Protein chains: 2
Amino acid sequence: MKKYLDILKAVNLFEGIEESDLPPLLSCLSSKQSRYEKGQTVFFSGESIKQFGIVLSGQVQIVQDDYYGNRSILAKIDAGNLFGESFACSQIKTLPVNVIATTESEILFIDCCKLAVPCTRACSFHSKLIQNMLNIVSMKNILLTQKIEIISKRTTREKLLAYLSSEAKKAGEARFYIPFNRQELADYLFVERSAMSAELSKLKNDGLINFHKNQFELL
Amino acid sequence: MKKYLDILKAVNLFEGIEESDLPPLLSCLSSKQSRYEKGQTVFFSGESIKQFGIVLSGQVQIVQDDYYGNRSILAKIDAGNLFGESFACSQIKTLPVNVIATTESEILFIDCCKLAVPCTRACSFHSKLIQNMLNIVSMKNILLTQKIEIISKRTTREKLLAYLSSEAKKAGEARFYIPFNRQELADYLFVERSAMSAELSKLKNDGLINFHKNQFELL
DNA sequence: CTCCTTTTGTTGTATTTCCAACAGACTTAT
DNA sequence: ATAAGTCTGTTGGAAATACAACAAAAGGAG
């Protein structure tokens, strides 16, 4: 476990917790470490989980099969990140996804109930853990809600304006950089790249925006 | 406060907590009750909040203004429900939304930090509260993620199949009821009703599904 | 039962998006 | 410097969606 202290201290769940506190904390939480070969399934859909995972090394994918058997990749989780926390911390009885190791991986499992219920010895860091977990899931909710607001728009033009407007508000000014190239922006908005490019040009010609590469200005 | 005990005991945050425990619990949490006139703003965008609200009576709306000043309604919250919990429990410094009372309302405010940090007197229900809150934000996370997965599809046909497939998996069988009429389903998928209706007929004629009103069967 | 209202499905037309191909601009490697 | 690769924007045609209008089906009230 000493091997992964560097990874663990950077995990957002442990923010504000001293590195020296990590080993007793993990012991207090009865955490368990497991190794998975490439392609091995970490969580099976249909089961009920109470533990979430932290990727210590390697990568896992969260995948979902629909009724017809089509598979989509919901997320890829690299080392230093959590997965399955929402499922573990919720009352969901049937996991709707599979978690599969993309490469050989070491995973640390933590029981959400252990995390949520302060131990009888009143660990000094238990409150911090709870707050951190609430923050992690809540921040995710905020981002997901914002994304739905943007992609709910019916036309590519509206989606672009919604996204750019949101970025301008975030930047607090009319000129800002976005973290995407054209293909990435199209993927984020779930539209076709060249059609989106055409719409960007129209917005520019209509005098609504100006842009060069990933720098934009609302006019 | 006795006035609202019936409402409060049904609030998901208090599930599994005895009604008689509610008054001391709310005292322990230093909760505060406030009254808002119709049209009054409960939370202003730009501010930083640490308290979420429970609507005791009335209704509030969560609204968002974009850079151009266009306003959209993100949610309407009726009595017995929480609002702002994701913002209060996260490290967000600047609220991106306004919360406005739609009608005259009574709101109970609870500080997220008070909830997350067990009091020194070790209330017996504090753990339950924490678990409930984790469940609430986690379930929201799961629902939001599933919704994005569905509306990320590019065509109305794909959106319908993704949604119906998801409902079939939830029902555990090929025949199921959906909780929407046609307009509501179109609104959920962010598509136009009559075009969606045409696509439903095509799916039926192509032999993929059968339906009558809100009962569907995947074939 | 009849009548009225609401919901659902259908259709033609206009609009938008996707797709494929390609040219131009930009970046990277030699 | 040049050549190769990648990114971005443009374009024409095909496919899909929105829109408006209306018919058919379903539901509710008297």
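Note on naming: letters A, B, ... go to the chains in the order of the sequence lines (proteins, then strands), and numbering restarts at 1 for each one. Since we're looking at a predicted model, the values are computed, not measured.
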Go along nucleotides 8-21 of chain D 5' to 3' and tag each nucleotide: B for a protein heavy atom under 4.0 Å from its base, S when only backbone or sugar atoms are that close, - otherwise.
BBB------SSBB-

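The span of DNA chain C lying next to chain A, judged by atoms under 4.0 Å from heavy atoms, is bounded 5' to 3' by C:dT17 to C:dT27.
In this structure, the side-chain contact (heavy atoms from CB on, under 4.5 Å) partners of B:K50, at least two apart in sequence or on a different chain, are B:D111, B:C113. With sequence neighbours excluded, the residues that form a side chain to side chain donor-acceptor pair (under 3.5 Å) with B:D66 are B:N70. By the side-chain contact (heavy atoms from CB on, under 4.5 Å) test, B:Y177 pairs with B:N214, B:Q215, sequence neighbours left out. Every side-chain contact (heavy atoms from CB on, under 4.5 Å) that A:K169 has, sequence neighbours left out, goes to B:D65, B:Y67. Listed by chain and number, the residues in a side-chain contact (heavy atoms from CB on, under 4.5 Å) with B:K159 are B:K153, B:L189, B:V191 (sequence neighbours excluded).
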Solution key, residues 72-79 of chain B side-chain donor-acceptor pairs under 3.5 Å, sequence neighbours excluded:
unit_1 : atom_1 : unit_2 : atom_2 : d
B:S72  : OG     : A:E149 : OE2    : 2.9
B:D78  : OD1    : B:Q59  : NE2    : 3.0

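Residue pairs meeting the side chain to side chain donor-acceptor pair (under 3.5 Å) criterion with at least one member in residues 39-49 of chain B: none, sequence neighbours excluded. Every pair passing side chain to side chain donor-acceptor pair (under 3.5 Å) that includes a residue from residues 200-210 of chain A is listed here, sequence neighbours excluded: A:R157-A:D206. Sorted by first and then second residue, the disulfide (SG to SG under 2.5 Å) pairs with a member in residues 39-100 of chain A read A:C89-A:C112; sequence neighbours excluded.
Rounded to 10 degrees, the angle between the two end axes of the helix from C:dC1-D:dG30 to C:dT30-D:dA1 is 50°, with five pairs used at each end.
Taking 4.0 Å as the cut-off between side-chain N and carboxylate O, B:K3 and B:E106 do not count as a salt-bridged pair.
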